[in-house]
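Following: one structure in structure tokens, then a few remarks.
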Amino acid sequence: AQTVTQSQPEMSVQEAETVTLSCTYDTSENNYYLFWYKQPPSRQMILVIRQEAYKQQNATENRFSVNFQKAAKSFSLKISDSQLGDTAMYFCAFILNFGNEKLTFGTGTRLTIIP
Amino acid sequence: NAGVTQTPKFQVLKTGQSMTLQCAQDMNHNSMYWYRQDPGMGLRLIYYSASEGTTDKGEVPNGYNVSRLNKREFSLRLESAAPSQTSVYFCASSELRPATQYFGPGTRLTVL
């Protein structure tokens with residue numbers, strides 16, 4: 001079974017600074033996807049970024065980027081120039097690409113951006 | 001496009017009552033899912049439907065039933081609600097590949 005671990009329950013950072021959220025996962029498979037989802041106080045789950053395991057290049061979406069280390073099974077999220085609107089819970093998630101469509105989530109990191 | 005919609009947004013039930021949570025998507029996705037989110041935990045899969053006419057159990061199916069009414073709609077039913085089912089429920093949909101799931105706004109359910 002696949003597992004996803006987020007070891008930082010809470011983090012805080014000053015506005016405009018850079019912050020990195022950690023995620024590790026465990027799988028014996030090679031073909032999978034990894035995601036970061038953001039859940040602001042509104043409760044909506046919003047996709048932040050996606051990484052395909054077969055791609056060596058790290059995914060980037062504007063101020064959000066990942067550091068994907070496949071051998072180490074590590075998938076961290078970097079938020080640059082943090083903004084007040086980045087305050088949210090962040091969940092790391094994993095899914096196999098076999099047609100097994102069960103998304104496995106970590107327990108989340110609560111990120112607070114301080115003005 | 002509304003994406004994934006869920007009704008109701010909030011619900012309070014008494015133990016033993018039944019209710020159905022509704023979910024609809026307008027993205028023409030084949031796959032749909034129901035999750036629950038409890039404090040301090042990530043989302044856990046209750047049931048999913050890989051395509052119209054099929055449903056499968058997820059990690060925590062006990063106490064729930066589902067119906068994939070058509071390609072757009074996927075409902076979750078609690079036949080006899082229990083306090084342990086107090087949670088926030090999310091519906092999601094995706095294409096088979098890429099496997100990105102898109103979520104509805106959630107339903108906060110309280111069972112007294």
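Values reported hereafter were calculated over all heavy atoms of this structure, with side chains retained and with hydrogens, waters and symmetry mates removed. Residue numbers start from 1 in every chain, and the chains themselves are labelled A, B, ... in the order their sequence lines are given, proteins ahead of strands.
- In this structure, the portions of B:Arg108 lying under 4.5 Å from any heavy atom of chain A include both its backbone and its side chain.
- Under the 4.5 Å side-chain heavy-atom criterion for grouping Ile, Leu, Val, Met, Phe, Trp and Tyr, A:Tyr32 is connected to A:Ile49 within one hydrophobic cluster.
- Using a 4.5 Å cut-off between heavy atoms, A:Gln6 does not touch chain B at all.
- Among B:Gly104, B:Ala92, B:Gly58, the residue making the largest number of heavy-atom pairs under 4.5 Å with chain A is B:Gly104.
- Side-chain heavy atoms closer than 4.5 Å link hydrophobic residues (I, L, V, M, F, W, Y) into clusters, and following such links, even through other members, never connects B:Met32 to B:Leu45.
- Contact annotation for B:Gln37: only side-chain heavy atoms (C-beta onward) come within less than 4.5 Å of a heavy atom of chain A.
- Under a hydrophobic clustering in which Ile, Leu, Val, Met, Phe, Trp and Tyr are joined whenever their side-chain heavy atoms come within less than 4.5 Å, directly or via other members, B:Tyr33 and A:Phe91 fall into the same cluster.
- The minimum heavy-atom distance between B:Thr100 and A:Phe35, with the atom names listed, is OG1-CE2, 3.5 Å.
- B:Leu76 and A:Leu103 are assigned to two separate hydrophobic clusters, defined by single-linkage of ILVMFWY side chains at heavy-atom distances under 4.5 Å.
- Applying the 6.0 Å contact sphere to CZ of A:Arg110 captures no more than 12 heavy atoms from other residues, nucleotides or ligands.
- B:Leu43 has its side chain within reach of A:Met45: a pair of non-hydrogen atoms, C-beta onward, lies under 4.5 Å apart.
- Remark: A:Gln56 CD is loosely packed, at most 12 non-hydrogen atoms of other residues, nucleotides or ligands lying under 6.0 Å away.
- With a 6.0 Å cutoff to the six-membered ring centre and a 45° limit on the axis angle, A:Arg43 counts as a cation-pi contact of B:Phe10.
- Results of the ring pair (Phe, Tyr, Trp, His ring centres under 6.0 Å) test with A:Tyr37 over B:Tyr35, B:Phe103, B:Tyr102, B:Phe90 single out B:Phe103 as the only residue that passes.
- If you chain together hydrophobic residues whose side chains sit under 4.5 Å apart, B:Val88 and B:Leu78 never meet in one group.
- Between A:Ile95 and B:Gln101, some side-chain heavy-atom pair lies under the 4.5 Å cut-off.
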